[in-house]
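Working notes for the structure below.
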Amino acid sequence: MIKKRAFPEKEKVFRPGDEQLPEPDGFRTVLRRLAGENKLAVVSAAVILLFVLAAVLAPVLTPYTEKDMDLRHRLSPPSPEHLFGTDEGGRDILTRMLFGSRVSLLIGVVPSLVSMLLGAALGIVSGYAGGKTDAVIMRLADLMLAFPSMLLAMVIMYTLGGGLMNIFLTLSLVNWAGVARVVRSETLRIIKTEYVEAARITGVAGIRIMLCHVLPNCIPTMLVLFTLNIPASILTESSLSFLGLGIQPPDASWGLMVNTGRQFLYSAPWLSLIPSAAIMAIVLAFNFLGDGLADVLDPYRKNQ
Amino acid sequence: MLNHVLRRFFQAFLVLILVALLIFLMLRVVPGNPIATMMGEHANAAAIERMTSELGLDQPIPVQFFRYILNALRGDFGTSYSMGKPVDRLIRTAFPNTLILALCAALFAWVVGIVCGTISAVRKNSVLDRLFMGFSLLGVSVPVFMAAMILQYVFAYHLHWLDISGVKSWKSFILPAVALGWNSAGSISRLVRSTLLEILQADYIDTARAKGRGQAGVLIFHAMRNAMLPVVTMMALQLSSLLSGAVITESIFAVNGIGRLAVQAIEGRDIPLLQGTALFSTALVILGNLTADLLYGVLDPRIRKEVVR
């Protein structure tokens, strides 16, 4: 639908539904634009990389292990031997943070990946098939979105019990519906284009259209949703662990460390504040990166 | 229009029944016998069996579910195992606290969000814009327990301005409301800013300026009116998520609300209470979403026309 204007166009602005869409970008163009336009996103990517490196190299970076107790040095403040101090069991906090970052990063990435793939598959099928299939899938998504996500996660974790695999399952269940909705609306837009029409007329099978025409065009959106789901998952996990429903001790996760440190908030505030700060930093970094990607990948925004 | 409203109400009701079924089934597959847990280690098998049949838990699951729904429609959610009181009474005493907390948090979020977002949009790229957007982004990224603990540490423990926890007077709600509302304030101000920026590019803004409207007039009568549409919807959605999302805040500040009740239910392995609080919160969210949906229809004449047709 093109608006009728009394005056000649100042500058062509692309809108969803325009007949002529801008060319999609190559991977390198996107990276270059991200680096050029959005310094914050680049810094965030560097921060994320740093966290990943720390998680991978955890055993090399620290002389302690995350479960070593040293009861003579309980709750000691930050010092040269223990850079971030020790907790109520005399365990080195930096070490637990490093090992905990493995858990937190995994919990960010795995459920986001699962819910992105599941949500995209259901969203594309829903949008392409329409009719009853669409109605069933979308009502199911509505049902999931009607639950308060934190409460849903609490009930599922209560049923399944704590532990890493159950958290993966819970967070994937909580997040797929949002992805499915967005991808469905993308699909509805894409299947109205002329090339899909052309493919359909020449007799290309539905599954092939979905995989070769719809899916590639949904990938930018999926990528943005994936990046933004990671911090959401990390936050939900840390809240669950904070309530004692997530990772179980003696394993370390940032949320759990905040929870155990909470009893010592007034005598040893670093116990809960340092892991909180780490959660905040990684969430902030992923949010910046997601926002940057959304800016760069959106073909409608770049021409403005 | 009335037809549309009724249909939406019916759909919402259907979703609520399905949600109830889902929660019901999920809690039935919890390992371990809840009655045995409730009666303690010393109960003998006969007593456990008697109690189980008294509570109707030996009936087939469909029968149990229908009985539960029928009772729930009359406002009877069963009796809490761990507190020995009717669940509806527990919810009724907890709800005012949750409601006040959510309203205070929403008020904070709306005022701060709209003011910061508007100033940021008008003074784009200024120092104030950067400051407000940093504040907003921090709000979206800070885990609510961190915000809560820092507020508690600074204003209650260190400065002694406000109570650390518990509900004693209206002042007790300030810290939890700010901790809870910061996140929503962040998302609202970001939305207000981006919507306003887009609208200020529109032709009708140029027209209004050309007609000689002042800056404030253009902003309030032309830009804000159009920007309010997505913002109001988001505000309604935020309110419902604040009503159901106060689990952590309520635990930290010891506010006896629905969220704290749910946590206590989990700690006491108290299935009727968990079921009741989960169902109640979900009903609130569904109601909130319904309101947002209908509000959108009322506010946007384009949708209103489509609906009537």
Side-chain angles (χ1 to χ4, degrees), chain A residues 3 5-7 10 13 40 139-140 142-161 231-232 234-236 238-245 254-255 258-259 261-262 265-266 269 272-273 275-288 291 301 304, chain B residues 11-12 14-16 18-19 22-23 25-31 137-138 140-147 149-150 152-153 157-158 164 183 190 198 201 203 240-241 243-248 251-252 258-259 262-263 265-267 269 271 274-275 277-279 281-286 288-289:
Chain A
K3 268 193 274 177
R5 286 170 195 249
F7 299 101
K10 287 172 250 172
V13 176
L40 216 51
R139 288 300 84 74
L140 207 62
D142 285 347
L143 196 64
M144 296 311 280
L145 290 171
F147 276 107
S149 63
M150 186 62 205
L151 211 71
L152 176 62
M154 279 167 65
V155 171
I156 302 179
M157 288 306 292
Y158 174 76
T159 308
L160 297 176
I234 292 177
L235 279 182
T236 312
S238 59
S239 298
L240 284 172
S241 291
F242 182 81
L243 291 171
L245 286 170
W254 292 345
V258 179
N259 184 23
R262 204 180 124 209
L265 181 61
Y266 304 117
S272 45
L273 289 187
S276 300
I279 295 171
M280 193 185 80
I282 193 95
V283 167
L284 209 57
F286 273 112
N287 277 340
F288 276 135
D291 278 0
R301 227 186 284 187
Q304 289 183 349
Chain B
Q11 276 172 4
L14 217 62
V15 169
L16 191 59
L18 279 173
V19 164
L22 226 67
I23 296 175
L25 289 178
M26 260 194 279
L27 292 178
R28 283 300 168 282
V29 298
V30 177
L137 210 74
L138 218 57
V140 183
S141 305
V142 169
V144 62
F145 50 79
M146 184 183 185
M149 286 190 307
I150 290 179
Q152 213 174 31
Y153 188 77
Y157 178 73
H158 222 70
I164 285 186
N183 184 296
R190 277 152 58 95
E198 199 171 299
Q201 304 279 320
D203 293 344
S240 71
S241 81
L243 274 171
S244 66
V247 180
I248 302 240
S251 303
I252 291 183
I258 304 284
V263 173
I266 284 177
E267 280 164 1
R269 305 193 75 74
I271 289 179
L274 184 56
Q275 202 164 267
T277 46
L279 197 58
S281 301
T282 314
L284 285 179
V285 173
I286 292 175
N289 292 354

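Numbers restart at 1 for each chain; the letters A, B, ... are given by sequence-line order, proteins then strands. Here the structure is a predicted model, which means the values were calculated and not measured.
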- Task: Report the C-alpha distance between B:M146 and A:V258 in whole Å, list the side-chain angles of each, state the deciding distance to 0.1 Å, and finish with yes or no for side-chain contact (heavy atoms from CB on, under 4.5 Å).
- Result: CA-CA 9 Å; B:M146 184 183 185; A:V258 179; over 6 Å; no

- Query: What's the verdict on side-chain contact (heavy atoms from CB on, under 4.5 Å) for A:S238 and B:F145, showing C-alpha distance, side-chain angles and the deciding distance?
  - Reply: CA-CA 9 Å; A:S238 59; B:F145 50 79; 3.7 Å; yes

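- There is no contact between B:L16 and chain A, counting heavy-atom distances below 4.5 Å.
- Among A:D142, A:V155, A:L145, the residue with the largest count of heavy-atom pairs under 4.5 Å with chain B is A:V155.
- Proximity to chain B involves both the backbone and the side chain of A:A277, based on heavy atoms less than 4.5 angstrom apart.
- Taking chain A as the reference chain and counting heavy-atom pairs below 4.5 Å, the highest number among B:L137, B:I23, B:L284 is found for B:L137.
- Neither the backbone nor the side chain of A:I234 comes within less than 4.5 Å of any heavy atom in chain B.
- For A:I282, no part sits under 4.5 Å from any heavy atom of chain B, backbone or side chain.
- At a 4.5 Å heavy-atom cutoff, A:F286 makes no contact with chain B through either its backbone or its side chain.
- A:L284 has its side chain out of reach of B:V140: every pair of non-hydrogen atoms, C-beta onward, lies at least 4.5 Å apart.
- B:L274 touches chain A through its side chain: at least one heavy atom from C-beta onward sits under 4.5 Å away, while N, CA, C and O do not.
- In terms of heavy atoms, A:L151 sits closest to B:A262 at CD1-CB, 4.3 Å.
- Within the 4.5 Å cutoff, the side chain of B:L18 has no heavy atoms near those of the A:R139 side chain.
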- Begin from the C-alpha positions of B:I266 and A:L243 and carry the test side-chain contact (heavy atoms from CB on, under 4.5 Å) through to its verdict. CA-CA 10 Å; B:I266 284 177; A:L243 291 171; over 6 Å; no

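- A:V283 places none of its side-chain heavy atoms less than 4.5 Å from the side chain of B:P143.
- The candidate from B:T277, B:I252, B:L138, B:L14 with the greatest count of non-hydrogen atom pairs under 4.5 Å with chain A is B:I252.
- Here the closest non-hydrogen pair linking A:S276 and B:M149 is OG-CE, 4.0 Å.
- Taken from CD1 in B:I286 to CG in A:L143, the straight-line distance is 8.0 Å, to the nearest 0.5 Å.
- At a threshold of 4.5 Å between non-hydrogen side-chain atoms, the residues B:V144 and A:F242 do not count as touching.
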- Item | Worked verdict on B:V263 versus A:M154 for side-chain contact (heavy atoms from CB on, under 4.5 Å) | CA-CA 9 Å; B:V263 173; A:M154 279 167 65; 4.2 Å; yes

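- Proximity to chain B (any heavy atom under 4.5 Å) is restricted, for A:L235, to the side chain, taken from C-beta onward.
- Here the straight-line distance linking atom CG of A:L152 with atom OG1 of B:T282 works out to 8.0 Å at 0.5 Å rounding.
- Counting heavy atoms from C-beta on, the side chains of B:M26 and A:L160 never come closer than 4.5 Å.
- Proximity to chain A (any heavy atom under 4.5 Å) is restricted, for B:L22, to the side chain, taken from C-beta onward.
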